[in-house]
Undergrad: 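This is the structure I have questions about; it appears just below.
In what follows, every chain begins at residue 1, and chains take the letters A, B, ... in the order their sequences are listed.
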Amino acid sequence: MSAEIQSRTVTEQHSFLSLGGEMGQLIREMDWSANPLGDPGSWSQSLRTIISVVLRSKFPMFLWWGPDLICLYNDAYRPSLGDNGKHPSILGMAAAAAWPEIWDTIEPLIAQVQAGGEATWSEDQLIPIYRNGELQEVYWTFSYSPVEGDNGQVAGVLVICNETTDKVLTYIKLEESKEQLEFAIDAADLGTFDFNPITNKFACNDRLKDWFGLPSAPEIDLRTAIDVMVESDRPRVTEAISKALDYNFGSYDIEYTIINPSTKKEMVLQARGKTWFDDQHIAYRFNGTVEDVTVQVKARREIAESEERFRSMAEGMDILVAVGDESSNASYFNKAWTDLTGKPVADLLGFGWSDLIHPEDKDVYIGSYLAAFEKREVFAGEFRILNKDGNYGWLLAKVRPRFSPDDSFAGYIASCIDITDRKQSEDAFRESERRFRALVENAPFPMGVYTGKDMVVQIINQSILEVWGKGNEVIGKKYADVLPELKGSGIYEQLDGVYTSGQTFEAYNQRIELMIDGALRPYYFNYTFTPLFDATGRVYGVLNTAADVTDLNLANNKIEKSAKEFMQLADSLPAMVWTTDPKGVQIYASARWKEYTGLDPYGEASFAQMVHPDDLPRVIETWTGCLATGDIYKIEVRLRSCTDHYEWFYVNGEPIKDAGGNIEKWIGTFTNINEQKKATEYLAKAFQKVEESEKRFRNVADSAPVLIWLSGMDKKCTWFNKAWLSFTGNPLESELGDGWAAGVHPDDFEHCLETYTRSFDNRAEFYMEYRLKCHTGEYRWLSDTGVPRFTMDGVFEGYIGACMDIHKTAIYQQDLKEKEEKLNIVVDASELGIWELDIPDLKPKYSPRYLEIIGHTGSEHPTHEELLSHIHPGDLDMRNEAFTIAFEAGTLHFEARVIWADGSLHWIDARGKVFYDKANKPVKMIGTIRDITDEKNYQEELQEREQKFRLLADSMPQHIWTADPDGNLNYFNQSVYQYSGLTPHQVFKDGWLQIVHPDDRELNIGAWMHSIGTGTDFLIEHRFRRHDGEYRWQLSRAMPQRDADGNVQMWVGTSTDIQAIKEQDQQKDYFISMASHELKTPITSIKGYVQILQATYQDAQDPFLIKSLNIVDRQIITLTNLISDLLDLSKIKAGSLSFNKTDFDIDIVIKEVIGEVKLLNPAHHFIFADVCAIRVHADKDKICQVLINLFTNAVKYSPGSDEITVTCAADDKQVTVSVKDHGIGISKIDQEKIFERFYRVEGKNEKTFPGFGIGLFIASEIIYRHNGTIGVKSEPGKGSVFYFTLPIDTTS
Amino acid sequence: MPDQTNHILIIDDNEDILFMLQTMLQIKGYSVTIKKNMDNLPEYSAALSPGVIIMDMLLSGADGREVCRALKADTTLARIPVVMISAHPNAREECLAAGANYFIYKPFEMMDLFNTVAQAINA
């Protein structure tokens, strides 16, 4: 049974294997008999089910089945196995054998699934597998799931997987692209720098540091980097940098060479940068990139060198070399040209050279050139050219096309040799021919010359015409036509034989029948047919001589004469003519021979002596051969001249045979072909050099990583290197000409074209940036540097450009620019003028704002002196002093007046920083100036005001003084000095406190410090010493002066002499004191007697008597209290209120006082909750006095209410006693005043509430003297709460 | 020598006050001797040997504080308690400093006088 039939049977039998594509078929066709799984017919139901699922799935699946983990998989999985790998061999194979390379990885996973029955899930796992003929790194996302067998045990593992290699790789790429910024710089292999012109320092990336061998510091001095450059480049780079920092230039593009100080590695770097200017055109930042162009530059130099070599070679040659471009214009002429023509190269360029061609030759030559040019063919031509001596000389030009290595046509190169000499010799030939003709014509024997194959009668003499019986009409006719009667005589054949063989034919006593006068007549002749050779040794004709044998003697004579004439002729020829005997022994040489060789022509070895040793064997061999065979002798050979140098000659010799055909002699010529030979060699070398140079350039350019293009004179691009083509993805043809422009971003095109065209027309270098479409379709930023190409003679021949992919850099720089702009705004906002001064030559630089500030107009670039002239003469010394200090201290600061051009006065604030060289000499200052005119004016105004204030203050009688915010007194008016008798010096030296009474000083200082510290008004009475030593009382007040923000600016104080008032007050107090004392005596009596009466009549029945005595007693108490208050008041004012402090329980005292007040005011109801004992240390009587005052006030001012609540509470620091009434209340304004001295409120409330103020004033004084507080909370109509606190002395 | 413990010597140049004090103390049951000046007070006191001396601080022509000092300087008289009376401010401190045993401000409550005298006698 065939396999096909078998498989069909399986298919029919096992529907679970139907479908399944390729894998289904493979499984069906496989021979399972030896497999552990056995024949599909025997497969378990579970396997059948799962395999039918797998095969039908469009999702990649793989199944391991049975204890051996036999591999089965579907079509969707199959591509993952690649080609030349596991497929299809692993089908039916055990897993361990099928996956040896990853078995270590997957075996644990399989085991885990088999053991635990749990499915696994792995994502983007790197599992390299063998496929496509190699071990490949492949990423997978896969799950291993257990598959149960018929018995419910795990019988297989199903792998559902997906290859995620592409995804993972893309992700990795994405990850990489996150580092885009650095990557851009990295990928571009660029160094970056960021220079701060103000500090003269720059930051740069690690690569640049590495190149330069710079320290790892974040900021590096520019000089450090400059020092790494080769010495010859330093001035150029320094100049380029300062140019870049100049607003008029701003850009930086320079190539220089560095030598790393540690590695000594030499690098050529291309640095490009841009400077950022503020609105004043001051450079504040200068950054850019540095590219390693060592390879390119070296290549460029090599190309230039090879071109140079070609040029110097061409220049050194005495052949004329010209190079034309692909549009047929001549673009190069070597020195030989100018030497010959006496014209400068410029006159020859293009088609200028053609004007020098002889008018007769011009059209022919130009025509040949252009015709050859069209076809790119090689051609040669001769023409006459006007020499500098005014004569025409002959040139032989050999012109051939040049091709670039890519086989594109590049133009023509022409090498010309001066063939004037040859031409002259040709002329001489012609002349000799003329004379030859004359010789022939005048020969006394028959002589004729027939030329060409057809033997056209050329020259004929009368003698032969007579023989022939013809006239001159035979000239120009064929020999055979002239003498048809000779047909059959063999003469035609003889002539032809001479012409073709070059061998002379001679005949003796030959009978010839000639047609004379219409009848054939017999004649007997001796005749000779001699071949005539041209300069190249070619036979061009036959010389026929004949003689009547009867006149032989005569004829012999004539021949002798003829031979002599021949020699004369030969001697006049420019070529060397020689003859030898048949054995080769030289028997004659023309005069030229001797001239050239200086040798005796008849010496035997003379020829061998003059032949170049290298050529001699060849010559001997050829010559010997010719002698033996009689063949024409032709050879090119070098011959030594009498001046001992060798030149090339073309040698031509042929045997002269006698009539019997025996060689009689050899006649030959030497033609000098040295020039041709040399020219040809030079040309070959020159072509080779040019080609090599071009080729080398293109090879280098092709291998360069930069994009390179070339353009011709017509601005069209003629070539792009491989890097360009692979960037754009376009073939060369589509980029050529203007084709490349199609890839430029539309937004950049105009700028790009404009830059190119403008630079091209000016032959200027250019740098531009534009976006070019990359082969991916993305536009990428390129930098493009173009430089004009010149030939060695300075002839422009187009442009060469190099582009760099600066896409990332451009984007990065854009970002930078934005940041710079932000910075710019900040600088602008500061309104600063910026300046820079070179110290040694005092050369200033400044921003426009600077000139604005100093008010300079007129000259656009003022000198240092001009700038100085703006400074107010009065400030010049100060300004110079500031500079002197600056040179030592390093920083400059001064304020000065400047005079503007319009004469107005302004103030400037100048600041600067000095920069030093290595020798610590100041080399430069950079700084700013600010217009502070407004500030200054304000200050001056202040001073003026201050002046006015002083004048005013000095004229006042009061003492007036001021102090700074810290409390230092800084001004006293005249009155102070007059009063104290002190001088200002004494006051400021020993202090103002000296005039204060010693007893008052402590109080004075305390109060003053309190005011300074809190900013509250200062008010004090103290005594000042007058000039006569008397202390007089002063009332001093001071108030702070504040600015708009509330900050204390100064204190202004006054002191008024209150001595008189004080004295009056003291008298009054003394009076009050005495009066109250005197009053007490009668009151004591009255009170005493009333008490005696009360005691005496306490049991009396007269109610009136009792009541009267009680009233008297009560009024006496009131009176006593009033007197007591009056006395206390005078004591307070005198400062003599004394305290007798004891420890007592205040709660008990409150109760006692309530009891007393209740006695006097029985109608009122006091509420006082019992509290636990509160011990205080105080003057008990005075505290009672306070309580009485508060209680009686509460009673007094609550006419409509009878309830008074008293509370007493304590914490660990103080006790608070409050008294609440429900009376009329107190307004806010009054609340502030009720604790003041009575006379202040007197008159306002007196009528309504007599004695209102005295008690509270005394009470507050008592409480304050106990270091307690007293206060009130009240609203009109809602009653009041008076309270006071006393400290609890915890130490006692 | 009779028991003079309850005998009180009062010195004041103001007759009204002197009579008032005398009346009050007699009401209270004390025996009282009055004197209108400070003349020879030490000798007077030595002879009388009162239980308490009550005197005004300032009398015309005499300073009670000096007299008090003289009394207290005399060892035989120093034991007699002295109660000084005055309306003058700061009188308390000055009198006590002069050696007075008690002090009462004018005007005063009769009860205060009684308490003070009782205290002095029982001291």
Side-chain angles (χ1 to χ4, degrees), chain A residues 1069-1070 1072-1099 1109 1112-1142 1152 1156 1159 1179-1182 1185, chain B residues 8 10-30 32 34 36 54-60 62-65 83-97 100-118:
Chain A
D1069 286 346
Y1070 180 72
I1072 290 169
S1073 174
M1074 289 313 294
S1076 58
H1077 180 240
E1078 291 307 316
L1079 278 171
K1080 279 183 180 173
T1081 303
I1083 285 172
T1084 305
S1085 291
I1086 295 166
K1087 189 176 174 70
Y1089 284 105
V1090 168
Q1091 289 182 94
I1092 292 167
L1093 285 172
Q1094 282 177 321
T1096 308
Y1097 296 105
Q1098 61 184 340
D1099 299 328
L1109 285 175
V1112 172
D1113 186 42
R1114 212 159 61 216
Q1115 288 304 320
I1116 286 166
I1117 289 172
T1118 305
L1119 188 59
T1120 307
N1121 285 340
L1122 277 172
I1123 291 165
S1124 197
D1125 283 352
L1126 208 55
L1127 205 59
D1128 283 345
L1129 191 67
S1130 67
K1131 279 183 190 168
I1132 289 166
K1133 287 189 78 181
S1136 56
L1137 189 65
S1138 59
F1139 294 93
N1140 179 29
K1141 289 187 182 178
T1142 55
E1152 285 174 3
E1156 285 177 29
L1159 275 177
D1179 185 319
K1180 189 177 170 183
D1181 288 345
K1182 294 284 193 297
Q1185 201 178 333
Chain B
I8 297 168
I10 305 171
I11 305 126
D12 201 323
D13 59 352
N14 185 319
E15 287 191 26
D16 289 346
I17 299 290
L18 194 60
F19 180 65
M20 181 191 78
L21 288 167
Q22 185 184 10
T23 306
M24 284 177 176
L25 291 169
Q26 283 173 345
I27 289 170
K28 193 64 186 172
Y30 296 103
V32 176
I34 57 171
K36 289 183 184 175
I54 296 175
M55 59 181 186
D56 195 36
M57 187 181 79
L58 287 173
L59 278 69
S60 53
D63 187 334
R65 289 164 294 189
V83 177
M84 293 187 75
I85 296 173
S86 178
H88 206 278
N90 307 328
R92 179 195 293 269
E93 288 74 23
E94 290 176 25
C95 291
L96 295 177
N101 300 92
Y102 303 93
F103 180 85
I104 296 171
Y105 267 122
K106 288 182 184 174
F108 52 82
E109 294 291 331
M110 191 166 65
M111 287 306 290
D112 286 342
L113 179 69
F114 291 164
N115 288 339
T116 302
V117 171

Undergrad: So for Ser1085(A), is it side chain, backbone, both, or neither that comes closer than 4.5 Å to the heavy atoms of chain B?
TA: both

Undergrad: Sort Asp16(B) into side chain, backbone, both or neither according to what part of it lies under 4.5 angstrom from a heavy atom of chain A.
TA: both

Undergrad: Highest number of heavy-atom pairs under 4.5 Å with chain A: which of His88(B), Arg92(B), Glu93(B)?
TA: His88(B)

Undergrad: Considering all heavy atoms of both residues, which atom of Ile104(B) and which atom of Phe108(B) are nearest to each other, and what is their separation?
TA: CG2-CB, 3.4 Å

Undergrad: So what's closer than 4.5 Å to chain A heavy atoms on Tyr105(B): side chain, backbone, both or neither?
TA: neither

Undergrad: Has the side chain of Gln1091(A) got a donor or acceptor atom that lies under 3.5 Å from a matching backbone atom of Lys1087(A)?
TA: yes

Undergrad: Do you know which two heavy atoms are closest between Ala1095(A) and Met110(B), and how far apart they sit?
TA: CB-CE, 3.8 Å

Undergrad: What pair of heavy atoms forms the shortest contact from Tyr30(B) to Ile8(B), and how long is it?
TA: CG-CD1, 3.4 Å

Undergrad: Got a second to check how far Lys1080(A)'s NZ is from Ile1083(A)'s CD1, nearest 0.5 Å?
TA: 9.0 Å

Undergrad: Does any backbone or side-chain atom of Ile17(B) lie under 4.5 Å from a heavy atom of chain A? Answer side chain, backbone, both or neither.
TA: both

